[in-house]
Amino acid sequence: AVFDSRGPTFRHRMYEEYKATRQKTPEDLHAQVPLVEEILAALKLPMLRAEGYEADDLIATLARRAAREGRECWIVSGDKDLLQLVGGSVKALRPDSSFAYKPYGSEEVAAEWGFGPERILDYLSLTGDASDNVPGVAGIGDKTALKLLSRFAGLEDIYARLGEVEPESLRRKLEAGRDSALLSRRLITLDEQAPTGIADLEELNVAALDRS
């Protein structure tokens with residue numbers, strides 16, 4: 001089980017408004033977090049947290065390490081940012097509206113989003129992410145971003161060939177939002193070198209939970 005840093009992260013230093021629009025966690029929910037941690041500790045389920053980093057960064061670091069070691073890795077989260085990690089031995093389990101969990105590999109990501117995991121970062125850099133107050137490019141929504149990514153190889157390619165973008169009004173939006181798009185990309189990019197404190201992935205073995 002992976003938790004966010006209790007304090008600000010490197011993304012807050014990069015962009016002061018990061019997650020600024022999020023509603024404050026209700027006190028009754030906030031008070032339950034220590035109880036959740038107590039239960040996880042009693043189960044002897046490993047818990048990870050690194051000050052200055054989000055849970056997503058630790059997950060990314062572990063997922064890439066698992067892939068390098070040829071291990072199967074399942075990310076259990078509804079966070080769309082984490083879909084950029086999917087591919088090969090790394091898959092995701094995402095909750096649906098019925099609270100069931102649907103497995104996602106590269107094909108499932110492409111079927112739902114219209115592009116593969118390798119374009120999630122480019123897509124969110126264009127559209128932004130309201131849940132984290134990531135700005136994206138003003139005036140670029142889901143459909144426009146999808147059309148751009150169906151024609152260009154990614155964010156860098158869009159800006160390298162900006163003169164080819166039509167109509168002109170869209171080209172102007174992209175030009176005006178260039179800095180915002182690049183900032184958004186940095187905010188959404190996961191740190192795959194986060195300090196997990198794990199020397200060997202076997203330390204995270206959960207084969208024998210203590211249910212007593």
Side-chain angles (χ1 to χ4, degrees), residues 4-5 8-22 52-61 63-65 67-68 75 77-88 90-92 94 104-194:
D4 284 336
S5 167
T9 70
F10 66 89
R11 292 182 180 87
H12 293 91
R13 294 192 294 273
M14 189 184 303
Y15 181 51
E16 189 176 343
E17 298 302 311
Y18 183 64
K19 293 189 176 181
T21 56
R22 277 196 177 182
Y53 294 85
E54 294 185 50
D56 290 1
D57 299 309
L58 302 182
I59 292 170
T61 300
R64 293 308 188 210
R65 183 171 175 183
R68 288 195 301 271
I75 300 169
S77 173
D79 191 337
K80 56 183 176 289
D81 293 4
L82 291 169
L83 290 176
Q84 63 187 279
L85 300 172
V86 169
V90 179
K91 301 177 178 65
R94 290 169 56 80
Y104 278 73
S106 296
E107 292 183 0
E108 287 76 16
V109 173
E112 180 168 322
W113 291 76
F115 46 80
E118 70 282 356
R119 290 287 170 264
I120 291 289
L121 183 58
D122 295 316
Y123 173 80
L124 293 176
S125 298
L126 290 167
T127 65
D129 187 351
S131 65
D132 288 340
N133 201 34
V134 174
V137 177
I140 303 294
D142 297 343
K143 292 181 180 179
T144 301
L146 186 56
K147 288 180 181 178
L148 287 167
L149 293 176
S150 68
R151 180 181 176 188
F152 298 93
L155 190 68
E156 292 180 359
D157 191 39
I158 290 170
Y159 280 106
R161 299 163 55 195
L162 193 59
E164 301 175 30
V165 174
E166 295 292 345
E168 184 181 350
S169 58
L170 175 57
R171 187 164 64 249
R172 288 200 300 266
K173 288 177 183 177
L174 287 166
E175 180 59 48
R178 184 192 296 261
D179 290 345
S180 182
L182 296 177
L183 169 63
S184 297
R185 186 181 180 88
R186 292 197 301 273
L187 291 170
I188 299 165
T189 297
L190 302 178
D191 187 339
E192 297 177 8
Q193 301 296 325

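Remember, it's a predicted structure, so these values are computed and weren't measured experimentally. Worth knowing before you read on, the calculation uses all heavy atoms, side chains too, and leaves out hydrogens, waters and symmetry mates.
Side-chain contact between Asp81 and Asp132: present, with at least one pair of heavy atoms (C-beta onward) separated by less than 4.5 Å. When side chains are defined from C-beta on, Arg151 does not count as touching Val165, because their heavy atoms never get closer than 4.5 Å. Side-chain contact between Asp79 and Ile59 is absent, with no heavy-atom pair separated by less than 4.5 Å. You'll find the side chain of Leu83 reaches within 4.5 Å of the side chain of Trp113, heavy atoms only. Here the side chains of Val134 and Tyr18 are in contact, with some heavy-atom distance below 4.5 Å. Within the 4.5 Å cutoff, side-chain heavy atoms of Leu82 are placed close to those of Leu190. Considering only heavy atoms from C-beta on, Lys80 comes within 4.5 Å of Asp129 through its side chain. Side chains of Leu85 and Ile120 form no contact here, defined as non-hydrogen atoms less than 4.5 Å apart.
Under the 4.0 Å criterion applied to side-chain N and carboxylate O atoms, Glu175 and Arg171 are not assigned as salt-bridge partners. Between Arg185 and Asp122, at least one side-chain N (NZ, or NE/NH1/NH2) sits under 4.0 Å from a carboxylate O, which counts as a salt bridge. The residues Asp57 and Arg11 are annotated as salt-bridged, a charged nitrogen and a carboxylate oxygen being separated by less than 4.0 angstrom.
Under a 3.5 Å cut-off, the side chain of Asp4 and the backbone N or O of Glu54 do not form any donor-acceptor pair. Looking at Thr61, its side chain does come within 3.5 Å of a backbone N or O of Ala194 through a donor-acceptor pair. Of the possible donor and acceptor atoms, none in the side chain of Lys143 sits under 3.5 Å from a partner among the backbone N and O of Ile140. Formation of a donor-acceptor pair under 3.5 Å by the Tyr15 side chain with backbone atoms of Ser184 is not found in this model.
For residues 108-117, the set of pairs meeting the salt bridge (Lys or Arg N to Asp or Glu O under 4.0 Å) definition, not counting sequence neighbours, is empty.
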